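The structure's right below; bear with me while I get my questions together.
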2 protein chains.
Amino acid sequence: MGDTRWLSAEEMRAWNAFLAASALLNRQLEQQLKDDSGLSHPQYEILVRLSAAPDGELRMTELANGLINSKSGLTYQVTQLEKAGLVRRRTCPTDVRGVYAVLTDAGRRRLEEAAPGHVAAVRAHLIDVLTPEQITAVADGLGEVTARLRALGR
Amino acid sequence: MGDTRWLSAEEMRAWNAFLAASALLNRQLEQQLKDDSGLSHPQYEILVRLSAAPDGELRMTELANGLINSKSGLTYQVTQLEKAGLVRRRTCPTDVRGVYAVLTDAGRRRLEEAAPGHVAAVRAHLIDVLTPEQITAVADGLGEVTARLRALGR
DNA sequence: CTCAGGTAGTTCGAATTCGAACCACTTGCG
DNA sequence: CGCAAGTGGTTCGAATTCGAACTACCTGAG
C-alpha cells in the first residue's frame, strides 16, 4: 500500500498519553485494590457487573462479553472468586450447558467494602484530574472507540 | 472517613469508556502486531524507544522508567529480543553493573517493517475515530494524569 | 427421528507478568 | 583505606493471561 500517514505531533501526544495513562492507572488501581481488599481488578469488575445485574447473576458468556478477559480467563477468575466464597456457580435450568455466576452475600459485602476505596482512587488519579470538558470528550470519544472495537469482534 | 463521593453518570461514562477502550485497544494492537510482524506490544515499544535514542541504545533502567513493565519484565523482554537478534546487550564501560540495550541493524529493519501497519491500526481504531478537539482533550487530560502518576512512583 | 453444525464452558500448555530476594558493584563518609 | 548504604540488573516462584483443542449439549433442516 501507499505511503503511511504518520501521526502528527498532536496525535502522537494523545496516543502516548493514552498509552501511559492506561498502563499506569491500571497498575495503580490493581495495587490499591489488592492492598485494600485483596481483590484483583478483574475480580472487582466481575463483582461489579454481577451486583448490577438482576438477582446478582449473569451467564458466563455475558460476563465475558464487554469484559477484559477471554473466556478462559473468565473461567479462571470465577473459579478464584468461587474459592473465596464471593461467587457461586449455578447451572442454567433451561440449558444444561449454560452456567450462571451468582453473587453471594459475602460477595456483595466484600464489594461494598471495596467500592469506596476504589472509587476514591479512580477519582484521585483520573476523574478529579480532568476538567468537565475533558471528561465529556473522553466519554464521547473513547465511547465511540469502544463501540467500534466491540462491533469488530462480533 | 466521610461519605464516598460516588461518580456522576457522566463521570461513570468516561471511566467505563476509558477502561473498555484501553482493554480493547490493547488486545487489538497486540493481535495486529503479532500477526503482522511477530512482535508483542511491549517488544514493539522497546524497539521504538531504542530507535529514538541517540546511538539506538539506552540503559535498562531508562527503558524501564516510563515504560509499562516492571524491571523484571523488562529483563525478560530484552532477553527475548536478544534471542531474536533485534537487540544486543552491552555492558556500560564506566559502571560494570550497568547494561545498555542496543538496537541492532536487524532490529531497526524489523521496526521499520512493523511501524506502518501499527500506525495504521492506531489510526483506524483510535486517532481517526476522534475529533481534533477530542484528541487535544485526551492529550492534555491524560497527559496530566500520566504526569501525576509518574510523580507518585518517584 | 437424526445428523450436521453451532454454542457454552472448561481444560490444557505455553508465554508473560509481577514483586521479593538476591548478587555484584559503586559511592560516600569517617 | 574500610565499611554501610544504595543502585543496577537478574533470578526465582507464584499468579495470571491467552488461544486452541476439547466435551457436552442444543437446534434446525430434511
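Model, not experiment: these values are computed from the prediction. In what follows, every chain begins at residue 1, and chains take the letters A, B, ... in the order their sequences are listed.
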request  = Return the value, rounded to whole Å, for the distance between atom CD of B:Glu62 and atom P of D:dT7.
outcome  =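 Rounded to whole Å, this separation is 16 Å.
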
query = B:Met60 or A:Gln80: which one's nearest nucleotide on DNA chain D is closer to the 5' end?
reply =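 Its nearest nucleotide being more 5', the pick is B:Met60.
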
ask   = Rounding to a whole Å, what distance do you find between B:Lys34:NZ and D:dA20:P?
value =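 Roughly 12 Å, once rounded to whole Å.
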
request  = Look at the rings of A:His118 and A:Tyr44 and say which category their plane angle falls in: under 30° parallel, 30 to 60° tilted, over 60° perpendicular.
outcome  =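 The rings of A:His118 and A:Tyr44 sit tilted, inter-plane angle from 30° to 60°.
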
query = Going 5' to 3' on DNA chain C, which nucleotide is the first and which the last to come under 4.0 Å of a heavy atom in chain A?
reply =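 Going 5' to 3' along DNA chain C, contacts run C:dG6 to C:dG19.
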
request  = In plain terms, say whether B:Glu30 and B:Arg27 are close enough for a salt bridge, that is, a side-chain N and a carboxylate O under 4.0 Å apart.
outcome  =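 Salt bridge flag = no for B:Arg27 with B:Glu30.
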
key: B:Asp35, CG: over 12 other non-hydrogen atoms inside 6.0 angstrom   =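 More than 12 heavy atoms, drawn from other residues, nucleotides or ligands, come within 6.0 Å of this atom.
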
request  = Could you check A:Arg89 against A:Arg27 and say which one's nearest nucleotide on DNA chain C is further toward the 5' end?
outcome  =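 This one resolves to A:Arg89.
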
query = Want to settle it: does B:Pro42 or A:Thr61 sit nearer the 5' end of DNA chain C, counting the closest nucleotide to each?
reply =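 Nearest nucleotide further toward 5': that of A:Thr61.
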
inquiry  = Between the side chains of B:Arg148 and B:Glu144, is the shortest nitrogen-to-carboxylate-oxygen separation below 4.0 Å, so that they form an ion pair?
reply    =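 Yes, B:Glu144 and B:Arg148 are salt-bridged.
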
ask   = Between B:Gln77 (CD) and D:dG9 (C1'), how many Å, whole number?
value =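 Those two atoms, CD and C1', are 16 Å apart.
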
request  = For the residue pair A:Leu126 and B:Trp15, establish whether any side-chain heavy-atom pair is separated by less than 4.5 Å.
outcome  =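 Side chain of A:Leu126 against side chain of B:Trp15, heavy atoms only: contact under 4.5 Å found.
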
inquiry  = OP1 or OP2 of D:dT7 versus the side-chain N and O atoms of B:Arg59: is any pair under 4.0 Å?
reply    =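 So the side chain of B:Arg59 is outside the cut-off, no N or O lying under 4.0 Å from OP1 or OP2 of D:dT7.
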
message = So that I can tick it off, tell me whether B:Arg109 and B:Glu112 are bridged by a salt bridge, with the cut-off set at under 4.0 angstrom between side-chain N and carboxylate O.
response =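 No.
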
Give each protein N/O atom lying under 3.5 Å from an N/O atom of nucleotides 26-29 of chain D, with the pair distance.
from: D:dC26; atom 1: OP1; to: A:Val96; atom 2: N; distance (Å): 3.3

key: Check ion pair A:Arg88-A:Asp105 (N to O, under 4.0 angstrom)   =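 Result for this pair is no, no salt bridge flagged.
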
ask   = Looking at B:Arg123 and A:Glu11, does any basic side-chain N land under 4.0 Å from a carboxylate oxygen?
value =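 Salt bridge present between B:Arg123 and A:Glu11.
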
key: Interatomic distance where CG belongs to B:Leu74 and P belongs to D:dG8 [whole Å]   =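 After rounding, the reported distance stands at 13 Å.
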
request  = Compute whether any side-chain donor of one residue and acceptor of the other, for B:Thr131 and B:Glu133, lie under 3.5 angstrom apart.
outcome  =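 Yes, a side-chain donor-acceptor pair sits under 3.5 Å.
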
